[in-house]
Enquirer: 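What follows is a single structure, and I will ask about it in a moment.
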Amino acid sequence: MSTILVISGSPSPASRTGILVTHVDDLLRRAGYEVRTLHVRQLPTLSLLTEDMHDPEIGDAVGAVLRADGIVVASPVYRAAYSGLVKALLDLLPKKALRGRVILPLATGGSQGFLVAMDYALNPLLVGKGADNVLRGEFVLDPDIVGDTIAPASADAIEAAVNRFTLAVEDARFRRKRTQLRPAV
């Protein structure tokens, strides 16, 4: 089975994005995937912001990205911009670090007007790090997450996105194996 990394740009485990990350993590684990959730807020702040690659926690986080077959990037959207935590982590990565990995962007925000942050801010950031397989993400409105419950329509949309993601991850894995099995010419 493929390895999945969930990157959480949530400022708090109880935030709406934190609830979304827990929900996605559960869906992936039930589907049989090995999942690691990276809560960027738990990384050492000074090392993260100064891009201290000698810090073992920072090195481990970058290594987790480089080892993952698929990556879910979850971020709250503030004023039509993704989380600074997500940006700080992605800034640590080599230029083409996301090449060959399936990426599923997810976001939460207060209004549909912030939906543009996915297409005009988050996706270009991912592509700038070499992502060549960014799936259509999902945006969940803040009112659709109450307590630890996601409204049924949004939960269904997230589940459909996760299903698309797992199919794409397995397809990419199959293609890699098929390429490795081809005889050299």
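Note that the structure is predicted; figures quoted are calculated from it, not measured.
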Enquirer: Atom CG in Leu28, atom OG1 in Thr166: separation rounded to 0.5 Å?
Expert: 7.5 Å

Enquirer: Residues in side chain to side chain contact (heavy atoms under 4.5 Å, CB included) with Ala131, at least two apart?
Expert: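 With neighbours one apart ignored, the set is Leu98, Ile103, Leu126, Val134.
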
Enquirer: For Val62 and Asp60: C-alpha separation, side-chain torsions, deciding distance, then whether side chain to side chain contact (heavy atoms under 4.5 Å, CB included) applies.
Expert: CA-CA 6 Å; Val62 170; Asp60 180 57; over 6 Å; no

Enquirer: I need the Ile158 CD1 to Leu20 CG distance, nearest 0.5 Å.
Expert: 5.0 Å

Enquirer: Do Tyr78 and Leu141 land in one hydrophobic cluster if side-chain heavy atoms of ILVMFWY residues count as linked below 4.5 Å?
Expert: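 Tyr78 does not cluster with Leu141.
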
Enquirer: Indicate the atoms forming the closest heavy-atom contact of Arg173 with Ser2, along with that distance.
Expert: CD-OG, 3.0 Å

Enquirer: Answer yes or no: is there a side-chain heavy-atom contact under 4.5 Å between Val40 and Val86?
Expert: no

Enquirer: Measure from the side-chain N and O atoms of Arg41 to the backbone N and O of Leu85, and report whether any donor-acceptor pair falls under 3.5 Å.
Expert: no

Enquirer: Test your reading of the model: is there a side-chain donor-acceptor pair from Arg99 to the backbone of Lys95, 3.5 Å cut-off?
Expert: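 Flag not set: sc Arg99 to bb Lys95 has no pair under 3.5 Å.
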
Enquirer: What's the shortest heavy-atom distance between Met118 and Pro105, and which atoms?
Expert: CE-O, 3.3 Å

Enquirer: Using modelled atom types only, decide if a donor and an acceptor are shared between the side chain of Arg16 and the backbone of Gly110 within a distance under 3.5 Å.
Expert: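 Absent.
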
Enquirer: Hey, which of Ser10, Pro13, Ser8 is the one that makes side-chain contact (heavy atoms from CB on, under 4.5 Å) with His39?
Expert: Ser8

Enquirer: Which pair of non-hydrogen atoms, one from Gly70 and one from Val169, has the smallest distance, and what is that distance?
Expert: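 Shortest heavy-atom separation between Gly70 and Val169 comes out as CA-CG2, 4.0 Å.
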
Enquirer: Would a single hydrophobic cluster contain both Ile19 and Val6, if residues Ile, Leu, Val, Met, Phe, Trp and Tyr are joined by side-chain heavy-atom contacts under 4.5 Å?
Expert: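 Yes, it is one cluster - the side chains of Val6 and Ile19 are joined through contacts under 4.5 Å.
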
Enquirer: Please list all pairs meeting side-chain hydrogen bond (donor to acceptor under 3.5 Å, both in side chains) that have one or both residues in residues 66-75, counting only residues at least two apart or in different chains.
Expert: Asp69-Arg176

Enquirer: Which heavy atom of Arg36 sits nearest to which heavy atom of Ala64, and what is that distance?
Expert: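 Closest approach of Arg36 to Ala64: NH1-CB, 3.2 Å.
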
Enquirer: Give the intermediate values and the outcome of side chain to side chain contact (heavy atoms under 4.5 Å, CB included) for residues Lys87 and Leu122.
Expert: CA-CA 9 Å; Lys87 173 78 164 92; Leu122 184 55; over 6 Å; no

Enquirer: Please tell me whether Ile71 and Leu104 are part of a single hydrophobic cluster in this structure, the criterion being side-chain heavy atoms less than 4.5 Å apart.
Expert: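 No, Ile71 does not connect to Leu104 through the hydrophobic network.
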
Enquirer: Where is the tightest heavy-atom contact between Ala61 and Leu89, given as atom of each residue plus distance?
Expert: CB-CD1, 4.2 Å

Enquirer: Contact between Val65 and Ile7 at the side-chain level, heavy atoms closer than 4.5 Å - yes or no?
Expert: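 Yes - at least one pair of side-chain heavy atoms lies under 4.5 Å apart.
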
Enquirer: Sorted by first residue and then second, give each side-chain hydrogen bond (donor to acceptor under 3.5 Å, both in side chains) pair with at least one member in residues 26-35; sequence neighbours left out.
Expert: Asp25-Arg29, Tyr33-Glu170

Enquirer: Please tell me if the side chains of Ile4 and Phe165 come closer than 4.5 Å, counting only heavy atoms from C-beta onward.
Expert: yes

Enquirer: Please list all pairs passing the salt bridge (charged side-chain N to carboxylate O under 4.0 Å, His left out) test where one or both residues lie in residues 111-140, with sequence neighbours left out.
Expert: Arg136-Glu138, Glu138-Arg164

Enquirer: If you define the side chain from C-beta out and look only at heavy atoms, does anything of Val140 sit under 4.5 Å from Leu106?
Expert: no

Enquirer: I need the Leu27 CG to Thr22 OG1 distance, nearest 0.5 Å.
Expert: 11.0 Å

Enquirer: Applying a strict under-4.5 Å side-chain criterion to I, L, V, M, F, W and Y, I'd like to know whether Leu135 and Leu5 cluster together.
Expert: no

Enquirer: Rounded to the nearest 0.5 Å, what's the gap from CG on Asp91 to CG on Leu125? Could you check?
Expert: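 That separation rounds to 7.0 Å.
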
Enquirer: So how far is it from Leu43 CG to Leu38 CG, rounded to the nearest 0.5 Å?
Expert: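 It comes to 5.5 Å.
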
Enquirer: Can you find a heavy atom in the side chain of Pro11 that is under 4.5 Å from one in the side chain of Ser83?
Expert: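 No; the side chains remain at least 4.5 Å from each other.
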
Enquirer: A side-chain contact here means heavy atoms from C-beta on lying under 4.5 Å apart; do Leu48 and Leu92 qualify?
Expert: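 The answer is yes; the side chains approach within 4.5 Å.
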
Enquirer: How close do Val21 and Ala74 get, counting heavy atoms only, and between which atoms?
Expert: CG2-CB, 3.5 Å

Enquirer: Same hydrophobic cluster for Val162 and Val102, using side-chain heavy-atom links shorter than 4.5 Å among ILVMFWY?
Expert: yes

Enquirer: Hey, could you give me each pair passing side-chain hydrogen bond (donor to acceptor under 3.5 Å, both in side chains) that has a residue in residues 145-161? Not counting sequence neighbours.
Expert: Asp144-Ser154

Enquirer: Kindly state each residue pair satisfying side-chain hydrogen bond (donor to acceptor under 3.5 Å, both in side chains) with at least one member in residues 107-117, sequence neighbours excluded.
Expert: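 Output for this query lists Thr17-Thr108.
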
